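Below: one structure, written as C-alpha cells.
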Amino acid sequence: MDWADELAASVSGPQVVNDSKTPSGTVHVGSLRGPVILDVIARALRANGIETTYLYGVDDMDPMDAQALLSADAVEREMGRPLAHIPDQGDDGHPSYARHHAQVFIDTFAGLGINPDRYYLMSEIYASGQVDPYIRVALDRASQVREIYRRVANVQHPDEWHPLQVVCENCGRIGTTIVTGWDGERVFYECRPSLVAWARGCGHSGWISPFGGNAKLPWNLEWAAQWGLLGVTIEPCGKDLSTAGGSRERSDAISREVFEREPPRNVPYEFLNIGGRKMSTSKGRGAAAHEIAEVVPAEQLRFLFVRPKPNSAIEFDPDGTDAIPRLFDEFDKFAAAAAGKEVRGELPPNPERVFAYSLLSPAADVRAEAAAFRAAFSHVALLVQVPGVDVPARIEAEKGSPLTEREREILAERTTAAMRWLEAYAADRAKIAVQRDDLPREVAALGEDQRLYLGALALRAESERPSTGEAWQALLFSVAADATMPPGRSFAAIYIAFLGRPNGPRAGWLLASLEPQFVLRRLREAAGWRPSEAELAAVQEASSS
RNA sequence: GGGCCGGUAGCUCAACGGUAGAGCAGCUGACUCUUAAUCAGCUGGUUGAGAGUUCGAAUCUCUCCCGGCUCACCA
C-alpha cells in the first residue's frame, strides 16, 4: 500500500490538513515537496471516503528579514516590517509584497495540480480578532511559555519577555519589538534598535492593546494557535522543523500545555537533494531549482515526490546524468502498470495509486491517462536534434495509429522538456553533433565491408541524387541489400562517418538534412577514397557559391 | 553537540525475519526501412565494519565507520 493510503487508513473522522508558508521569496523545487505530500494526503483521505478540508496559510505577518528581496531604496525603510504591510516590489498591481508572493505560490501550486480548499492570510485572521483568545492565553501564561522554550529547546528568554510581537505604532516594524509587560488589557512594548541584526528598531515604547491585528504571536505559538483555530488534524513539515528541540516540538508542547489541545499528526518529510547536496543555485550548471521545474513537467515532478516515502531523502542529480530521462521512464512504467500492461522490472504493490497521485487532476480518468501513448523521453530527445524531422509524425508511426488529442499534448510537453534538457543538463553523449570539420577518428575502426558500403553509397547517391529523408532511407537499404550486408553494420558505418558514434537518429533523414556536397565528400573520405584535385575544387566552388 | 535519512551489482533503487532482486549501463546474439528502438541471453554483490538475538539476519538489538541534510537566533 502506498504511504498516503496507509496514512488515510489509520485515521477516522473528518480531517483538516494544513500547511503554511511565509511569502517572502521564490518557491524552490525542494519546497514543493511539502505541498505535494499534503495534496496527496488530502486525495488519499478523500479516496477513503474521509471528509477532508485542505487549508493553506500565508504567514504574511512575518517580518521581512531578507535584504536581497527588496529594492535598494526600500531596505532601510522596510526591513523588519510585516510582509503584508510592505508595498509590492514589482509593478504588477498587488496590494502588498506578501500578496505578490502569495500569488506566486498559489499559481505554482495550481500548476502542480495542488488546489487547497481555502487559502488564508494571517494578516486577515489577526485583524478579524480570531486570534485574540489565543493571544490572551499566551500572555496570561507567559512564564509557562518561557519554561517550555527552556525545557524543549534550551532557549533562554529573559523573565520580562512575553510571547508576542507588536507592530510598532511609530515605525511599523514587527521584527524589532519586544513585549515586557501585560496588564490584562494592554501590553508594554519597546521597539529596540538592536534587538535583531537584520533590522533597526526606532526606539519607540509604550502601552498598546495586543488585539485585533496590533500584534502577532511568535512563530511557535502562532503555529499552535492556527491548529486550534482551524481544527487542524494533520500537518506535515520538513525535517528542518521536525528536528529534536526544533520548531515542531516547541509548537507541539505549546499546543498541549498552553492551549490545551492535542497537536495534529505530523508527517515529517526529508528534502530533495540535488547532486548529493542541498539545493543551491550556485552549484553546478543547471542545478538551480527553478530550472529543474522548467525541464520536468508537473506530473513527473509530482511523481518524483510521490513515489518515495516522505521520510526518505530524494537524491536527484540531473546534471550530465540520465536522471531526468530515467524519471520519465519510471513514470511511463508506472503508467503502463496502471493500464494493466505487462511491465518489466520491479514495482511497488500498488503502482496505479502512485500513478494516480502523480496526475495533475484528482478527477482524471486514471485508466484512460494510463493507457495514453507516451513516447520514450530519450527517443524524443534524439528526434528533436535532427533538423527537419516531423516529431509528431515519427511518434505516430511508432504508435501505429493516430495520436489522440491528449497524446499530442503529452508529446508536445515532452518535446519541450527534451529540448530544455539537452540545453541545460544532458551529457555530451546524449547530444547528436555532425562532425563537420574533420573525419571522426572512429572511422579508422570501420571494417573493409563498411568502407565499400560507404563508397558504393556515394556512387549511387551521386547518380540518384536523393533529396528527401525517405529517398535516402530507401537508398541506404538498397545499397546494403546489394552488398548483402546486414543493416546493423551499414547503419553503424553511416553513423560513425558523420557522428563518430555507432548509432544515431534515422540515418536517411539525417543525411537529407545536410548539404549534398558535404554528404558525398564525407562518404568518400570515410570510405578511404582520396578526393581528386578536380573534385576538391568542385566541392569548394559549390560550398562558396 | 542533538536530530533525521542513507551506505545492497558500475549507476538508480527493491526486498523489512525465510534461497539477495529489478531497471539502466556493460558484454553476446537476433533483427532487409532504423539501431539510444525491439527481442533473447550473459556477466556482475562477504548487503559499510564488528558483535549480539534467532533454526535462520540485508532485515531486529548494540557499538563503531562513512556520506548527506538539519537544528541549536528568527520564522
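Heavy-atom basis, side chains included; hydrogens, waters and symmetry copies ignored. Below, read A as the first sequence line, B as the second, and so on, with proteins coming before strands; counting in each chain starts at 1. This structure is a prediction, so every number in the text was calculated from the model and none was measured.
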Distance check, C1' atoms only: B/rU61 and B/rG17, in whole angstrom units.
14 Å
Round to the nearest Å and state the distance from A/Leu327 atom CG to B/rG23 atom P.
19 Å
Quote, to the nearest angstrom, the C1' distance that separates B/rA14 from B/rG7.
15 Å
Contacts of type salt bridge (Lys or Arg N to Asp or Glu O under 4.0 Å), residue A/Asp65, not counting sequence neighbours
none
At a heavy-atom distance below 4.0 Å, what parts of residues 490-498 of chain A sit against RNA chain B?
A/Phe491, A/Tyr495
Which whole-number value in Å describes the distance from A/Trp472 CH2 to B/rU35 P?
20 Å
Carboxylate-amine/guanidinium proximity below 4.0 Å for A/Glu330 and A/Arg307:
yes
Using a 4.0 Å heavy-atom cut-off across all strands, classify A/Ala480 as base, sugar-phosphate, or nothing.
nothing
Salt-bridge criterion met for A/Arg420 and A/Glu423 (N-O under 4.0 Å):
no
Under 30°, 30 to 60°, or over 60°: which ring-plane class applies to A/Tyr56 and A/Phe109, parallel, tilted or perpendicular?
perpendicular
Between B/rA58 and B/rC16, how far is it from one C1' atom to the other, in whole Å?
9 Å
Stepwise side chain to side chain contact (heavy atoms under 4.5 Å, CB included) test for A/Gln226 and A/Asn18
CA-CA 9 Å; A/Gln226 283 177 359; A/Asn18 178 66; 3.9 Å; yes
Review item, nucleotides 29-31 of chain B N/O atoms under 3.5 Å of protein N/O:
none

Could you work out the separation of B/rC4 and B/rC11 based on their P atoms and round it to a whole Å?
28 Å
In terms of side-chain geometry, is the basic nitrogen of A/Arg353 or A/Asp5 positioned less than 4.0 Å from the acidic oxygen of its partner?
yes
Counting only heavy atoms and a strict 4.0 angstrom limit, can you tell me which residues of residues 299-309 of chain A come near RNA chain B?
none
With sequence neighbours left out, the residues meeting salt bridge (Lys or Arg N to Asp or Glu O under 4.0 Å) with A/Arg33 are none
About how many Å separate CD of A/Glu299 and CG of A/Leu304, when rounded to the nearest 0.5 Å?
14.0 Å
When you check the gap from the basic side-chain N to the acidic O, do A/Glu124 and A/Arg99 get nearer than 4.0 Å?
yes
What's the CD1-C1' distance between A/Ile324 and B/rC11, to the nearest Å?
16 Å
Distance between the P atoms of B/rG23 and B/rU43, in whole angstroms?
14 Å
Qualifying residue, where the test is side-chain contact (heavy atoms from CB on, under 4.5 Å) with A/Glu190 and the options are A/Leu195, A/Thr180, A/Thr176:
A/Thr180
Between A/Phe377 and A/Trp421, does the ring pair (Phe, Tyr, Trp, His ring centres under 6.0 Å) criterion hold? Intermediate values first, please.
CA-CA 10 Å; A/Phe377 181 84; A/Trp421 176 70; 5.4 Å; yes
Spacing of the C1' atoms in B/rU35 and B/rC60 (rounded, Å)
50 Å
Does the distance from a Lys or Arg side-chain N to an Asp or Glu carboxylate O, for A/Glu147 and A/Arg151, drop under 4.0 Å?
yes
Using a cut-off of under 3.5 Å, enumerate the N/O to N/O pairs linking the protein to nucleotides 72-75 of chain B.
{"unit_1": "B/rA75", "atom_1": "OP1", "unit_2": "A/Gln165", "atom_2": "OE1", "d": "3.4"}
{"unit_1": "B/rA75", "atom_1": "OP1", "unit_2": "A/Trp219", "atom_2": "N", "d": "3.0"}
{"unit_1": "B/rA75", "atom_1": "O3'", "unit_2": "A/Asp62", "atom_2": "OD1", "d": "3.3"}
{"unit_1": "B/rA75", "atom_1": "O3'", "unit_2": "A/Asp62", "atom_2": "OD2", "d": "3.1"}
{"unit_1": "B/rA75", "atom_1": "O2'", "unit_2": "A/Thr22", "atom_2": "OG1", "d": "3.2"}
{"unit_1": "B/rA75", "atom_1": "O2'", "unit_2": "A/Asp62", "atom_2": "OD2", "d": "3.0"}

Applying ring-ring contact (aromatic ring centres under 6.0 Å, His included), can you list everything that pairs with A/Phe303, at least two apart in sequence or on another chain?
A/Phe331, A/Phe334
Can you list everything that forms a salt bridge (Lys or Arg N to Asp or Glu O under 4.0 Å) with A/Asp19? Sequence neighbours excluded, please.
none
Between B/rA37 atom C1' and A/Phe373 atom CZ, what is the distance in whole Å?
11 Å
Note: A/Lys333-A/Asp329 ion pair, threshold 4.0 Å (strictly below):
no
B/rU59 and B/rU47, which share atom name P, separated by this distance in whole Å:
10 Å
Would you sketch RNA chain B in dot-bracket for me? Only Watson-Crick or G-U wobble pairs with both distances under 3.5 Å count, crossing pairs as [ ], other-strand pairs as |, the rest as dots.
(((((((..((((....[..)))).(((((.......))))).....(((((..]....))))))))))))....
B/rA72 to B/rA57 separation - C1' atoms, rounded to the nearest Å:
37 Å
Mutual orientation of the aromatic rings belonging to A/Tyr97 and A/His101 [parallel < 30°, tilted 30-60°, perpendicular > 60°]:
tilted
Should the ring pair A/Trp219 and A/Trp223 be called parallel, tilted or perpendicular, given that the plane angle runs from 0 to 90° and is split at 30 and 60?
parallel
Quick one: salt bridge (Lys or Arg N to Asp or Glu O under 4.0 Å) partners of A/Arg250, sequence neighbours excluded?
none
Table of protein N/O atoms under 3.5 Å from nucleotides 2-4 of chain B N/O atoms:
{"unit_1": "B/rG2", "atom_1": "N2", "unit_2": "A/Thr243", "atom_2": "OG1", "d": "2.3"}
{"unit_1": "B/rC4", "atom_1": "O2'", "unit_2": "A/Glu270", "atom_2": "OE2", "d": "3.2"}
{"unit_1": "B/rC4", "atom_1": "O2", "unit_2": "A/Glu270", "atom_2": "OE2", "d": "3.3"}

Contacts of A/Tyr269 meeting ring-ring contact (aromatic ring centres under 6.0 Å, His included) (sequence neighbours excluded), chain-then-number -> none
